[in-house]
Number of protein chains: 4
Amino acid sequence: MSSRSANDSKRRPGGRSARVRQAVLDAAFAELGEKGYGGLSIEAVAQRSGVAKTTVYRRWPTRDELVADALDSRSDRNEPIPDTGSLRGDLKEFCEGVRAKLTSNHGKAMLKSLVAAVDQSPEIIETVERFWRERRDVGGQLIERWIRRGILRPETDADLLVEVILAPIYLRVLLPGGPLTGDVLTGFIDLALDGVLEDVTPRTDKHRSGERNL
Amino acid sequence: MSSRSANDSKRRPGGRSARVRQAVLDAAFAELGEKGYGGLSIEAVAQRSGVAKTTVYRRWPTRDELVADALDSRSDRNEPIPDTGSLRGDLKEFCEGVRAKLTSNHGKAMLKSLVAAVDQSPEIIETVERFWRERRDVGGQLIERWIRRGILRPETDADLLVEVILAPIYLRVLLPGGPLTGDVLTGFIDLALDGVLEDVTPRTDKHRSGERNL
Amino acid sequence: MSSRSANDSKRRPGGRSARVRQAVLDAAFAELGEKGYGGLSIEAVAQRSGVAKTTVYRRWPTRDELVADALDSRSDRNEPIPDTGSLRGDLKEFCEGVRAKLTSNHGKAMLKSLVAAVDQSPEIIETVERFWRERRDVGGQLIERWIRRGILRPETDADLLVEVILAPIYLRVLLPGGPLTGDVLTGFIDLALDGVLEDVTPRTDKHRSGERNL
Amino acid sequence: MSSRSANDSKRRPGGRSARVRQAVLDAAFAELGEKGYGGLSIEAVAQRSGVAKTTVYRRWPTRDELVADALDSRSDRNEPIPDTGSLRGDLKEFCEGVRAKLTSNHGKAMLKSLVAAVDQSPEIIETVERFWRERRDVGGQLIERWIRRGILRPETDADLLVEVILAPIYLRVLLPGGPLTGDVLTGFIDLALDGVLEDVTPRTDKHRSGERNL
DNA sequence: GGATAAGCGAGACGGTACGTCTCGTCTTTTG
DNA sequence: CAAAAGACGAGACGTACCGTCTCGCTTATCC
């Protein structure tokens, strides 16, 4: 994995290069967690990893590439898709997983790093997109399953649904917007599933609000 | 109001102090727009505003206070509440306004600044909360109106609804998540209003999913 | 003295600036003596003088300016003109003085520094020329005196004479050319004073060597 | 001869080793001419000669050895001894030759290299001495000839005379001391040949200055 | 209406980190 | 097995800002 890494398949998997590479990524990841993106200095990473500064620069010409690589080397792949037996239960578990990750020390640092670093380098953007795509894949499969079971309407836009449910969670991590209790998560889920309109209008009217001023 | 500013109501509104203050805030705001939060240097602000560096430090001991003050001095207050005659129209207009602000150069810089600066200083948190509260107030009043008109269910949580609709917009500004076209905004609104469940379950079952596995 | 120094007459003669300046020049001079021109690093000078590297750079933008200033701040001015009562005695004393200076640790380092640095910066050239001029002035006055006393021919070119006598001394310091004993110095002086031709030709023939193949 | 070179007579005169050796020396010599001793970097030499840096280091452990070898490989041997028919003419031609060499790009770089490198390694000292010895040999033979012809006094110290005449030339190359025109050279020669004393004292008094205060 | 205290400009200072350069060593691959 | 290729540790380079400080000068307020 980490298929974009600077010097993959260098010479030998266990050679000096590989050891150096791992030491630097570990140090960078740790520094990210402690100081955040803005506080990460190449100098500190080099020192922490016991590697010469020039070596860091040789492999990762910019800070962003290092950050992207460090985050990437730690990203969970193959996350399991919740299967609790109920739609709300699955979504709740999905959200809980996201919350757990994001509110951790590293998760928060990572998210903030991405925000700070985005639109600075394509590497970071790539990382963000992969990061985002993974969530959407898990959520998407989950939703597909409930569409097939007839609980969700067939025309449901899975990506949109995932986005609407997850966005408030992400945002509350990024900006001080109140705690992320289980109830709050349930609130997001219910709102997305049920909507808030008075239940008097046939679905077919949805986009023609007509005289009822929807 | 800027009620927190270091030396408000110093001597005279048109005195040297006031002029200096304004020049610095203008410069800081401009720099924020051009370089973003991470790229804002006190040195540059001082030079751009034609003010001695020491003067900046005297009034704004930390960079965050300066940023908060600069953002604050430009924030729109008294935003009008949309009134188009339809709920979806009002929400669309509301979202369009938010989008317009956030996707502007300054808006984006400002949002990123806030994210970067949060949990560093109480001043910033205060600014974020005021910033957020204003949106919620406008959205809240808008929603209250449509509850009173019987279009939205009385128990609707206005803050929650606003959060669910706006969060994806904010997030797409912060992370590279696709364009913010009018259709996308409509998608967010519709999902929040209508939900995505097959319309077969009475509302009262909402929290007891029962055998239908909602 | 040191009339070209970066920031003369800064604020106060005993202020922090002056102290810093002196500390740096002392350190630079010492480093020059120990490591020579090529081995002098700004970093080392800064550390040795207990001054921040940036401060050194602020006052002496280039290494050469620092070197020139350091050498300059130590150069003896107002050297006494020997007066032993005899021409050869005066010249011997003059040469002994030059030798003593040049063969000292610092003298040698300084001379080599000048050679290495010359044709790199005008500052250094200026220093070399002042350095050289001082010698020529002393020697020149000495020689003038003996011209007036009728021992040296009136048309004697003082500068030329000084150059011919001193050059071998300088060169033996710069290149490994044998020891500089008192006898060697006397040899240079005698040769310059007496010449080596068979003493059969009238002076007036000097530049018309004629049939005698001079 | 280059008898000191690291790996002389390695494989075969035309083998890879020899080709590499020559390429490196050529490149080093060229770099010396262009950048001078101080500006010569092993890295540049390696690149210029199309050879791996490690190869250079293997054969010439220090920069000085490389420089010495490069200079040595180009030094003129078997310089002709001038024979113009007059002493002054011979010396003039001799001096012109020296001047021509030293004021050339390579000559100057070489001389400065020697000064800079001396007392760093025995190899360099050896080179300097050979370099110096060659001059003295040529000058010495020239002078011997004119002693035999009765123009110069028999007790003339040839080495001393050569040194006194050449030293100012060398020095003017090393330090900014004015141009080296033909007249200046003639001045050095005349002074050394004729001396500058009023011509009233018998040679035998030379070292007993007596009442006339020589 | 002239002292007087503040705010201000100017800029030196000790620091930290930057990203680059060259050094000389060491390891790994190639011919 | 030696040359080639190039990663590595080391450390100086010169720059940019940081936040602190001292110093005179200019204000505008208060006596």
By nearest nucleotide on DNA chain E, pick out whichever of A:Ala44 and D:Thr62 is the more 5' one.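 This one resolves to A:Ala44.
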Using heavy atoms to find the nearest nucleotide of DNA chain E for A:Ser41 and C:Gly50 separately, return the residue whose nucleotide is more 5′.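 Result of the comparison: C:Gly50.
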Determine, stepwise, if the pair C:Val20 / C:Arg59 fulfils side chain to side chain contact (heavy atoms under 4.5 Å, CB included). CA-CA 10 Å; C:Val20 162; C:Arg59 286 165 166 282; 4.3 Å; yes
Check every atom of [options] against the side chain of [X] and return the nucleotide holding the closest atom.
X	options	answer
A:Tyr57	E:dA10, E:dC18, F:dA3	E:dC18
C:Ile42	F:dG14, F:dC17, E:dG24	F:dG14
C:Ser17	E:dA12, E:dG14, F:dA4	E:dA12
A:Arg59	F:dC8, E:dC18, F:dG9	F:dC8
C:Arg58	E:dC18, E:dG9, E:dA12	E:dA12

[N] [atom2] sits how many Å from [X] [atom1], rounded?
X	N	atom1	atom2	answer
D:Gln47	F:dG6	CD	P	11 Å
A:Leu40	E:dT16	CG	P	18 Å
D:Arg21	F:dA3	CZ	P	14 Å
C:Glu43	F:dA12	CD	P	5 Å
C:Arg48	F:dA12	CZ	P	14 Å
C:Trp60	E:dA12	CH2	C1'	12 Å
C:Arg63	F:dA12	CZ	C1'	11 Å

Heavy-atom donor-acceptor pair, C:Thr54 side-chain to E:dG15 base, under 3.5 Å: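 Donor-acceptor pair under 3.5 Å: yes.
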Does the base of E:dG19 carry an N or O that pairs as donor and acceptor with the side chain of A:Lys53 under 3.5 Å?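 Present.
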Under 4.0 Å from OP1 or OP2 of E:dC8: is there any side-chain N or O of B:Thr55 that close?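 Answer no for this pair, as no side-chain N or O of B:Thr55 is under 4.0 Å from OP1 or OP2.
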Tell me the closest heavy-atom pair linking C:Leu40 and C:Arg63, and the distance in Å.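 Shortest heavy-atom separation between C:Leu40 and C:Arg63 comes out as O-NH1, 2.9 Å.
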Quick one: pull up OG1 in C:Thr127 and CG in C:Asp72 and give me the separation to the nearest 0.5 Å.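 Interatomic distance, C:Thr127 OG1 to C:Asp72 CG, rounded to 0.5 Å: 5.0 Å.
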Are D:Asp69 and D:Glu65 close enough that some pair of their side-chain heavy atoms sits under 4.5 Å apart?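 No, too far: nothing below the 4.5 Å cut-off.
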Around atom CD of A:Gln47, are there more than 12 heavy atoms from other residues, nucleotides or ligands closer than 6.0 Å?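 No, the 6.0 Å shell around CD holds no more than 12 heavy atoms from other groups.
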